[in-house]
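Atom set for the values below is all heavy atoms of this structure, side chains included, hydrogens, waters and symmetry mates excluded.
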Amino acid sequence: MIKHHPSETLLTQYCAATLPASLSLAVSIHVDMCPICQAKVEKLEAANARAVFSDNMDVTTDEQADDVIESSLLDMITADDSIDEVYSVEPVSINVNEHNYSLPRALTRISHGKFTQVGKLARSRIALDDGHLRSSLLHIDAGGEIPEHTHTGFEVTLLLDGEFTDEEGSYVPGDFIWQDGRHQHTPLTKEGCLCFTVVSSALHFNKGLSKLLNPIGGLIY
C-alpha cells in the first residue's frame, strides 16, 4: 500500500498548473498510481472548475454550479471547430542491467539519456529543460545502497518499481518521498529498484569515507 503522498499544497499547485515541469511530472506519475490522490485531484479540479465558470454567475448550490459548468463547457466545445491531435499512448519498456521495466504513461513521450553507471547505481537524465531542477531515472541494483546523505536543496524520489528501505521505513511502488536539508538517510535495496527523481541541488554525503563522494554528488543525481 502506498503510504507516502504529495502534500496538499503540491496537489493544489498541480491542479492549478503552477508547479515546475519536473515536479508536475512527478505528481502526475504518482496520481496515476495512487487512487487516494486521484480522488483528491478530482475534487480539486471540480472546485477549480466551479471557481472559473461560476464567477459572476448567480448560483446558490454546488448542483446548480455543476449545471452551469456543464452548459458552459458544452457551449465551448460546440463553438470550437478546430481539430486536436489525438494519439494513443503505447507502452514503453526500458532495460537496465538485465532488468526490464515498463515506464509510466507520463514518461512515454519524454526522451531520456543513456544510463551511466556508478557502482550499483545507474542514472539516466530526463530530457526536460526546467531551470535548476534536474529529473532522472535512477536504478539501484540488488544489494545496492546510496551512502548516508542529506540534501543541499530538495529531493523528490518516486518509486516506480521494486523496493527500498531507509532509516524511516520501507517503500513500495507509487511512494512519493520529499526530502531536504532536514533529512538524512541511507537508501538500501535488497532486490533492486527503479525511481524517478527530481533534485534542486547536489547530495551531500556526511558520514565517514562517503564524504569523499561529495565532489561527485552532483553526478550521481
Decide yes or no for Leu133 and Val199: does some side-chain heavy atom of the first lie under 4.5 Å from some side-chain heavy atom of the second? no
Output the distance between atom CZ (Arg125) and atom OG (Ser136), rounded to the nearest 0.5 Å. 4.0 Å
In Å, rounded to the nearest 0.5 Å, how long is the span from OG of Ser135 to CG of Leu158? 11.5 Å
State whether the number of non-hydrogen atoms from other residues, nucleotides or ligands found under 6.0 Å of Glu191 atom CD is greater than 12. no
Within one Ile-Leu-Val-Met-Phe-Trp-Tyr cluster: Phe154 and Ile29, side-chain cutoff 4.5 Å: yes
I'd like to know if Leu121 and Leu188 are part of one continuous hydrophobic network [Ile/Leu/Val/Met/Phe/Trp/Tyr, side-chain heavy atoms within less than 4.5 Å]. no
If Ile, Leu, Val, Met, Phe, Trp and Tyr residues are connected whenever their side-chain heavy atoms lie under 4.5 Å apart, and connections chain through other members, are Val92 and Ile110 in the same group? yes
Any chance you could lay out the side-chain contact (heavy atoms from CB on, under 4.5 Å) test for Thr189 and Glu145, step after step, and finish with the verdict? CA-CA 6 Å; Thr189 176; Glu145 73 172 46; over 6 Å; no
Between Met33 and Pro173, the two heavy atoms sitting closest are CE-C, 3.8 Å
Heavy-atom side-chain contact between Ile36 and Ile2 under 4.5 Å: no
Are any side-chain N or O atoms of Asp141 and backbone N or O atoms of Gly192, one a donor and one an acceptor, separated by less than 3.5 Å? no
Nearest heavy-atom contact between Cys37 and Pro6 is SG-CD, 4.0 Å
For the residue pair Leu23 and Trp178, establish whether any side-chain heavy-atom pair is separated by less than 4.5 Å. yes
Distance alone, cut at 3.5 Å: any donor-acceptor contact between the side chains of Asp166 and Thr186? no
Any side-chain heavy atom of Ser93 sitting closer than 4.5 Å to one from Ser102? yes
Taking all non-hydrogen atoms of both residues, which atom of Ser124 and which atom of His112 are closest, and how far apart? OG-ND1, 2.9 Å
Phe196 and Leu107, any side-chain heavy atoms less than 4.5 Å apart: yes
Just do the side-chain contact (heavy atoms from CB on, under 4.5 Å) check on Phe176 and His30 with the steps written out, would you? CA-CA 7 Å; Phe176 184 104; His30 171 81; 3.8 Å; yes
Of Leu160, Asp161, Leu25, which is the lone residue that meets side chain to side chain contact (heavy atoms under 4.5 Å, CB included) with Pro104? Leu160
Step by step, work out the side-chain contact (heavy atoms from CB on, under 4.5 Å) result for His132 and Ser200. CA-CA 6 Å; His132 68 288; Ser200 63; 3.8 Å; yes
What heavy-atom pair brings Asp175 and Ser170 nearest, and what distance separates the two atoms? OD2-O, 4.3 Å
Could you tell me the separation between the CD atom of Glu168 and the CD atom of Gln179, rounded to the nearest 0.5 Å? 7.0 Å
Before giving the answer on side-chain contact (heavy atoms from CB on, under 4.5 Å), spell out for Leu194 and Ile94 the whole-Å C-alpha distance, their side-chain angles and the decisive distance to 0.1 Å. CA-CA 11 Å; Leu194 179 70; Ile94 60 171; 4.2 Å; yes
To the closest 0.5 Å, what do you measure between CD (Glu155) and CG (Leu138)? 8.5 Å
Can you measure from NZ (Lys3) to NE2 (His5) and round to the nearest 0.5 angstrom? 10.0 Å
Under-4.0 Å salt bridge between Lys40 and Glu8: yes
Parallel, tilted or perpendicular, as decided by the 30° and 60° cut-offs, for the rings of His139 and His99: tilted
Check the surroundings of atom CG in Asn95: do more than 12 heavy atoms from other residues, nucleotides or ligands lie under 6.0 Å from it? yes
Quick one: do Tyr101 and Leu137 end up in the same hydrophobic cluster if we chain Ile, Leu, Val, Met, Phe, Trp and Tyr together by side-chain heavy atoms under 4.5 Å apart? yes
At what distance, to the nearest 0.5 angstrom, does CZ of Arg134 lie from OG1 of Thr197? 9.0 Å
Closest non-hydrogen contact found for Gly144 with Lys120 is CA-CD, 3.4 Å
Pairing of Arg105 and Asp32 as salt bridge, 4.0 angstrom limit: yes
Transitive ILVMFWY cluster of Ile177 at side-chain heavy atoms under 4.5 Å: who else is in it? Leu159, Phe164, Tyr171
